[in-house]
Protein chains: 2
Amino acid sequence: MKKHDHTKLLSDVTGQMPADEELAELSELFSVFGDTTRIKILWALFESEMCVCAIAELLKMTQSAISHQLKLLKHAKLVGCRREGKTVYYYLADDHVRRIIDQGMEHISE
Amino acid sequence: MKKHDHTKLLSDVTGQMPADEELAELSELFSVFGDTTRIKILWALFESEMCVCAIAELLKMTQSAISHQLKLLKHAKLVGCRREGKTVYYYLADDHVRRIIDQGMEHISE
DNA sequence: CCTATATATGAATGATTGTTCATATGATAA
DNA sequence: TTATCATATGAACAATCATTCATATATAGG
């Protein structure tokens, strides 16, 4: 008996797929959401902008750990920051963050 | 000079945060989207349900690798499957998958 | 029964990643 | 300047994870 064939299906699907580079960017973005610490940071920023040491205190984690994660979040353009004297305040970059997290919450609460 | 104080802010924010368990579930969900192979599989299933070997052929990866990833996707309830003789067809579980990926795409294309 | 095809799975491995620790930079006040 | 607070960063380590390989299960046909 012949092997399973799906050349027709494959050519259809291939045409619809974005470039590898774009898909890699997309999965990298979701990776940033894929960590409890970062999710907590984002959720905290829903309420208001916060300085690094406040976030560290809130999550009961070291300032260093938070700083490293904020760097990732900033690189992914999910947060922005502004300096005021010694302290640096971080805030949500835009509404996509809320919407993405909302959709995620909808999925797990079923 | 005194140390920076933010007890007021912290109590406000703490009240709004979901339970740790829920946030862990959420980050686990996004972790599943945080891999190029799995994103490609989901995107392929946008078009139509597909059997394991068709997906493997499409992504030019081994059947084993795809099968392992499908297991993760199924566990996260992002895909479902049905058996028809020897072949098993996988399909998107619901519309949240599309919406989450759409929001992600919107964010990176700016 | 035996063979072939399709899929699943456990163990091993190499790569990635989150946190810690030590330290560096930046900013303010005395 | 010196001291202190706030933040950033590089290196190291432990833990997690995606793929491969070998093998097991499942279904169909002869």
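Order of the sequence lines fixes the chain letters, A, B, ..., with proteins taken first and strands second; residue numbering starts at 1 for each chain. It should be emphasised that the depicted structure is a prediction, and the values quoted were computed from it without experimental measurement.
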To the nearest Å, give me how far apart [atom1] ([X]) and [atom2] ([N]) are.
X     : N      : atom1 : atom2 : value
A/I41 : C/dT19 : CD1   : C1'   : 13 Å
B/L70 : C/dA8  : CG    : C1'   : 11 Å
A/R83 : D/dC5  : CZ    : C1'   : 11 Å
A/K74 : D/dT9  : NZ    : C1'   : 14 Å
B/H4  : D/dT7  : NE2   : P     : 7 Å
A/I66 : C/dG18 : CD1   : C1'   : 11 Å
A/K86 : C/dA27 : NZ    : P     : 12 Å
B/H6  : D/dC5  : NE2   : P     : 13 Å

query: Just by distance, do the side chain of A/T62 and the backbone of A/A65 share a donor-acceptor pair under 3.5 Å?
result: yes
query: Is B/R82 salt-bridged to B/E49, going by a charged N under 4.0 Å from an acidic O?
result: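 A salt bridge is present here (some side-chain N lies under 4.0 Å from a carboxylate O).
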- prompt: Is there side-chain contact between A/I41 and A/Y90, with heavy atoms separated by less than 4.5 Å?
  reply: no
message: Within the 4.5 Å heavy-atom criterion, are B/E47 and A/M17 side-chain neighbours or not?
response: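 Not in contact.
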- line: Readout for nucleotides 10-24 of chain D: B = base within 4.0 Å of protein heavy atom, S = sugar-phosphate only, - = neither; 5' to 3' it is B-------SSBBB--
task: Could you tell me how the ring of A/F33 sits relative to the ring of B/F30: parallel (under 30°), tilted (30 to 60°) or perpendicular (over 60°)?
output: tilted
Any side-chain donor near an acceptor of the partner, A/H96 and B/Q103, under 3.5 Å: no
Residue A/T87, side-chain atoms from C-beta onward, closest of D/dT27, D/dC5, D/dT7: D/dT7
message: Under 4.0 Å, counting only non-hydrogen atoms across every strand here, what does A/S67 touch: a base, just sugar-phosphate, or nothing?
response: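 Base, at least one base atom sits under 4.0 Å.
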- prompt: Any side-chain N or O of B/Y90 under 4.0 Å from OP1/OP2 of C/dA8?
  reply: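 For B/Y90, the contact criterion (side-chain N or O under 4.0 Å from OP1 or OP2 of C/dA8) is met.
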message: Does B/R98 qualify as a cation-pi partner of B/F46, given the criterion of NZ or CZ under 6.0 Å from the six-membered ring centre and within 45 degrees of its axis?
response: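 Yes, cation above the ring, under 6.0 Å and within 45°.
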